[in-house]
Engineer: 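Mind having a look at this structure? Questions to follow.
In this chain, residues are counted from 1 in sequence order.
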Amino acid sequence: MDTIKDDIEVYDPVNTNKNVYYSKIMYKNSELSFQTDKTNLSINKDKNKAKINLSNKLSDFIQNVSKAVIEITSEKSEHFFGKVITVEDCESIYKEALVDNTLHCFFDEDTYFYKSKNEKINLENLDNELNGIALLKCSAVVYTKNSFFIRWEISQFKMKQEKKVEDTHLKEYS
């Protein structure tokens, strides 16, 4: 029986900073990305971080990706780091980005926030709380000296207005 682990490839880590390594991750030979349902997004413009609420289905998918990355890291640990790291040890140092169906993720100057196709909104003009649909991607697995985590990023976010529910009963008497 195929598992999600069979469809994930974690590439050899590349050292980009002192003691920080990045591994490219692919899912079914493509970039790992998905679209959310309409949801809430909280952004911290100073730190380029965000929190996004996810459905149970997407949360389960992300948890399965995390489990697969932990297992793959353990299996490849001797090749990656020159020492064997057990699955249990990997689990203890893994920092999960998903907490109670809320994904902690990142955005940058390349993230496309918009209301309609021709209406891009600059970051400084955004509210800190938004409603809409996000396109999320897994940009890398980040390994540091003491931990590792999956870096989730917002590629695009289409803002949606809350629809106002009109009371049609009162209009008849106006």
Engineer: Taking only residues two or more places apart in sequence or in another chain, which ones pass ring-ring contact (aromatic ring centres under 6.0 Å, His included) with Tyr11?
Structural biologist: none

Engineer: Within a 6.0 Å radius of atom NZ on Lys83, are there more than 12 heavy atoms belonging to other residues, nucleotides or ligands?
Structural biologist: no

Engineer: Answer yes if Phe149 and Tyr21 sit in the same cluster of Ile, Leu, Val, Met, Phe, Trp and Tyr residues linked by side chain heavy atoms under 4.5 Å apart, and no otherwise.
Structural biologist: no

Engineer: To the nearest 0.5 Å, what is the distance between NZ (Lys145) and CG (Asn19)?
Structural biologist: 6.0 Å

Engineer: Starting at CD of Glu91, measure out to OG of Ser74 and round the result to the nearest 0.5 Å.
Structural biologist: 9.0 Å

Engineer: Do Lys67 and Glu96 sit within salt-bridge range, that is, some charged N less than 4.0 Å from a carboxylate O?
Structural biologist: no

Engineer: To check you understand the geometry: which heavy-atom pair defines the closest contact between Thr36 and Ile52, and what is its length?
Structural biologist: CG2-CD1, 4.3 Å

Engineer: Between Lys158 and Lys115, what is the shortest heavy-atom contact and its length?
Structural biologist: CE-O, 3.5 Å

Engineer: Would you check if Val141 and Arg151 make a side-chain contact, meaning some heavy-atom pair closer than 4.5 Å?
Structural biologist: no

Engineer: I'd like to know whether Tyr94 forms a side chain to side chain donor-acceptor pair (under 3.5 Å) with Ser147, so could you lay out the CA-CA distance, the side-chain angles of the two residues, the decisive distance to 0.1 Å, and finally the verdict.
Structural biologist: CA-CA 6 Å; Tyr94 181 74; Ser147 65; over 6 Å; no

Engineer: Report the distance from atom NZ of Lys137 to atom CG of Leu135, rounding to the nearest 0.5 Å.
Structural biologist: 9.0 Å

Engineer: Less than 4.5 Å apart, any side-chain heavy atom of Phe34 and any of Leu58?
Structural biologist: yes

Engineer: With the 4.5 Å side-chain cut-off for hydrophobic clustering, are Phe61 and Ile150 part of the same group?
Structural biologist: yes

Engineer: As an exercise, state the distance from CD1 of Ile8 to CD1 of Ile72, rounded to the nearest 0.5 Å.
Structural biologist: 5.5 Å

Engineer: Assigning hydrophobic clusters by single linkage (Ile, Leu, Val, Met, Phe, Trp, Tyr; side-chain heavy-atom cutoff under 4.5 Å), is Val14 placed with Leu32?
Structural biologist: no

Engineer: Measure the shortest side-chain to side-chain distance between Val65 and Ile4 over non-hydrogen atoms and say whether it is less than 4.5 angstrom.
Structural biologist: yes

Engineer: Looking at Asp100, I want to see if its CG is surrounded by more than 12 non-hydrogen atoms of other residues, nucleotides or ligands under 6.0 Å.
Structural biologist: no

Engineer: Can you say whether the rings of Phe81 and Tyr143 are parallel (under 30°), tilted (30 to 60°) or perpendicular (over 60°)?
Structural biologist: perpendicular

Engineer: Nearest 0.5 Å please: distance from the OG1 atom of Thr3 over to the CG atom of Asn64.
Structural biologist: 9.0 Å

Engineer: Taking Leu130's backbone N and O only, do any of them form a donor-acceptor pair with Asp127's side chain (distance below 3.5 Å, no angle check)?
Structural biologist: no

Engineer: Under 6.0 Å between ring centres, would you say that holds for Phe107 and Trp152?
Structural biologist: no

Engineer: Quick check: closest heavy atoms across Ile85 and Asp89, and the distance to 0.1 Å?
Structural biologist: CG2-CB, 3.7 Å

Engineer: Report yes or no: do Thr39 and Asn53 form a side-chain donor-acceptor pair below 3.5 Å?
Structural biologist: no

Engineer: Which value, rounded to the nearest 0.5 Å, describes the distance between Ile70 atom CD1 and Cys90 atom SG?
Structural biologist: 7.5 Å

Engineer: Applying side-chain contact (heavy atoms from CB on, under 4.5 Å), run through Glu119 and Met159 and close with a yes or a no.
Structural biologist: CA-CA 10 Å; Glu119 190 181 352; Met159 289 174 273; over 6 Å; no

Engineer: Please say which of Lys28, Lys76, Lys24 ends up in a salt bridge (charged side-chain N to carboxylate O under 4.0 Å, His left out) with Glu9.
Structural biologist: Lys76

Engineer: For atom NZ of Lys45, decide whether the heavy atoms of other residues, nucleotides or ligands shown that lie under 6.0 angstrom number more than 12.
Structural biologist: yes

Engineer: If you measure only the distance, is there a donor-acceptor pair under 3.5 Å linking the side chains of Asn101 and Asn56?
Structural biologist: yes

Engineer: Check the pair Leu103 / Leu136 against side-chain contact (heavy atoms from CB on, under 4.5 Å), numbers first and verdict last.
Structural biologist: CA-CA 10 Å; Leu103 183 67; Leu136 298 171; 3.8 Å; yes

Engineer: Taking all atoms of both residues into account, what is the closest heavy-atom pair of Ala50 and Leu41, and its distance?
Structural biologist: CB-CD1, 3.7 Å

Engineer: Looking only at heavy atoms, what is the nearest atom pair of Val142 and Val20, with distance?
Structural biologist: CG1-CG1, 4.0 Å

Engineer: Evaluate whether atom CG of Asn29 has more than 12 neighbouring non-hydrogen atoms of other residues, nucleotides or ligands under 6.0 angstrom away.
Structural biologist: no

Engineer: Check for me, please, whether Met26 and Val69 land in the same ILVMFWY cluster - side-chain distances under 4.5 Å, paths through other members count.
Structural biologist: no

Engineer: Which ring pair (Phe, Tyr, Trp, His ring centres under 6.0 Å) pairs, counting each pair once, include a residue from residues 114-133, with sequence neighbours left out?
Structural biologist: Tyr112-Tyr114

Engineer: Just wondering, do Leu126 and Phe113 contact through their side chains at under 4.5 Å, heavy atoms?
Structural biologist: yes

Engineer: side-chain contact (heavy atoms from CB on, under 4.5 Å) between Leu98 and Gln63: does it pass, once the steps are laid out?
Structural biologist: CA-CA 8 Å; Leu98 182 71; Gln63 287 173 334; 3.7 Å; yes

Engineer: Nearest heavy-atom pair of Glu153 and Ser139: which atoms, and what distance?
Structural biologist: OE2-OG, 3.3 Å

Engineer: State, with a plain yes or no, whether a side-chain heavy atom of Thr111 is found less than 4.5 Å away from one of Asp108.
Structural biologist: yes

Engineer: Could you walk me through whether Phe80 and Val10 pass the side-chain contact (heavy atoms from CB on, under 4.5 Å) test, one step at a time?
Structural biologist: CA-CA 11 Å; Phe80 284 177; Val10 178; 4.2 Å; yes

Engineer: For residues Phe148 and Tyr22: do they belong to one hydrophobic cluster (side chain heavy atoms under 4.5 Å, members Ile, Leu, Val, Met, Phe, Trp, Tyr)?
Structural biologist: no

